[in-house]
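These notes are about the structure you will find just below.
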Amino acid sequence: MIRDGRVFRTDWTPEDLHHRHGELQQLSSYLSPIEEGREADPASIFGPTGTGKTAAAEELLRQLRKSVVDLDTILIDCWNNHGRFQVLRELLELVNAPTHDLRQDRTSRDEMLARFREHKDDLCVVVLDEVDQLDDEGVLRDLWQTDGVCLLFIANREDDFYGTLDDRLQSRLLTSQVVKFEPYGVDALTDILRSRASAGLARDAIRTAELRTIADTARGDARVAIRGLKNAAEAAEHRGTRRIGQEDIKGAVPKARAEIRQKTKSKLIRHQRLLFEIIEEHGELSASDLHDAYEAEAENPRSKRQRRNYLTKLERYNLIEREGERRWTTYRVVEAPVRS
DNA sequence: GTTCCACCGGAAACGGGGGACC
DNA sequence: GGTCCCCCGTTTCCGGTGGAAC
């Protein structure tokens with residue numbers, strides 16, 4: 001039934017970006033000075049998980065590369081590169097600057113920045129995906145102050161991003177252009193799934209009614225929906241049938257959510273995972289109960305201050321949410337959506 | 001009204017790690 | 001082999017906050 005499994009991967013980009021033409025056009029107009037060889041003001045994309053933000057940015061970079069000669073386009077995933085050194089190293093690699101002699105504890109940031117400025121083209125578009133995951137905003141200042149660098153930020157929530165910046169940077173960036181990506185509606189998500197199904201599944205493997213059911217259950221998250229479609233196809237294959245039925249769909253989307261959550265969990269370090277598992281086990285519990293449970297279970301428990309850092313991280317990962325303040329603080333597991 | 005308590009988060013200090021250099 | 005360097009993860013300290021207890 002599955003003809004091409006690549007279609008269901010998160011990094012697979014369709015030829016046509018369904019239902020994001022307006023947003024793409026908006027972004028193109030913000031970055032249009034680049035096509036005339038000029039620097040464009042920073043722009044930001046905000047929107048929940050699975051709304052096509054990264055895919056839109058990639059498409060935008062593709063279009064810019066087609067129309068502008070001598071343009072560096074760089075997309076950095078700040079989820080995997082959250083330190084200043086890591087971001088600068090990625091920048092150097094992507095502009096083909098020498099990186100063999102870089103050392104986290106030896107090479108100064110100024111030197112790395114100078115090397116980047118020397119090797120990049122006159123104009124360079126830098127997309128910082130999941131920018132709210134950055135530990136050190138200094139790199140934003142570095143890039144902001146670099147001639148010829150056009151910045152595009154991607155984050156889930158506006159306040160998560162701006163809230164972490166110092167006043168000076170915040171006031172500069174608050175004037176940047178913003179494009180908001182709303183969650184997909186059922187019709188839009190059904191279209192997206194139809195296009196994936198026709199590219200990756202056998203002909204007539206699924207009907208519109210089943211596609212709509214998946215789209216509806218995914219609640220606006222394309223990543224969950226696409227993975228759900230793949231799970232449904234596998235279930236149908238397992239059943240030995242040539243068409244996906246409602247019974248194949250039933251567990252497909254919850255399974256997709258669980259898989260995405262598992263992937264996120266696998267990135268946690270031991271103490272972060274323990275804190276998450278305690279919250280998961282209790283469903284919801286107060287801060288003091290959480291600390292007590294952690295101290296009872298942890299080997300070499302980390303300090304309370306460090307635990308608070310871990311909990312902030314878990315919140316940013318969309319794994320948990322916090323409610324209330326001070327002694328009434330409670331933590332609970334976020335059911336959905338989660339970031340992949 | 002004052003003190004206590006539990007929590008949050010910023011800032012500074014500390015120590016480990018590991019390659020370069022002598 | 002000893003020392004240097006400095007980033008990163010972690011701890012310590014501390015001020016702020018606001019309800020509870022007195």
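A note on names: the letters A, B, ... follow the listed sequences, proteins ahead of strands, and every chain is numbered from 1.
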Could you tell me how far apart Asn309(A) (CG) and dC8(B) (C1') are, to the nearest whole angstrom? 11 Å
What's the CG-P distance between Asn300(A) and dG16(B), to the nearest Å? 14 Å
Compare all side-chain heavy atoms of Cys124(A) with those of Leu71(A) and state whether any distance is below 4.5 angstrom. no
Please state how far atom CD in Glu325(A) lies from atom P in dC7(B), giving the value in whole angstrom units. 14 Å
Looking at Lys304(A), Arg307(A), Arg308(A), which hits side chain to side chain donor-acceptor pair (under 3.5 Å) with His291(A)? Arg307(A)
Between P of dA6(B) and CD of Glu295(A), the distance in whole Å: 13 Å
Nearest-angstrom distance from the residue atom CG of Leu314(A) to P of dC8(B): 13 Å
Is NZ or CZ of Arg219(A) both nearer than 6.0 Å to the six-membered ring centre of Tyr184(A) and within 45° of the ring axis? no
Trace of the side chain to side chain contact (heavy atoms under 4.5 Å, CB included) decision for Leu229(A) with Leu211(A): CA-CA 8 Å; Leu229(A) 175 59; Leu211(A) 288 175; 4.2 Å; yes
Contact between Val178(A) and Lys180(A) at the side-chain level, heavy atoms closer than 4.5 Å - yes or no? yes
If you look at every heavy atom in Arg196(A) and Trp12(A), which pair is closest and at what distance? NH1-CE3, 3.4 Å
Please determine if a side-chain N or O atom of Arg302(A) lies less than 4.0 Å away from the OP1 or OP2 oxygen of dT10(C). yes
For Trp328(A) and dG18(C), what is the distance between atoms CH2 and P respectively, to the nearest whole Å? 10 Å
Side-chain N,O (Arg307(A)) to OP1/OP2 (dT10(C)) below 4.0 Å: no
Would you list the protein and nucleotides 12-14 of chain C atom pairs, both N or O, that sit under 3.5 Å from each other?
none

Rounded to whole angstrom units, what separation is found between the NE2 atom of His291(A) and the P atom of dG9(B)? 11 Å
Indicate whether OP1 or OP2 belonging to dC7(B) is found under 4.0 Å from a side-chain N or O atom of Ser288(A). yes
Candidates dC8(B), dT10(C), dG18(C) - which lies nearest the side chain of Arg327(A): dG18(C)
Rounded distance in Å - CD1 (Ile269(A)) to C1' (dT10(C)): 10 Å
Check against side chain to side chain contact (heavy atoms under 4.5 Å, CB included), Glu182(A) and Thr51(A): CA-CA 7 Å; Glu182(A) 299 300 333; Thr51(A) 50; over 6 Å; no
Taking only N and O in the side chain of Tyr310(A), is any of them less than 4.0 Å away from OP1 or OP2 of dC8(B)? no
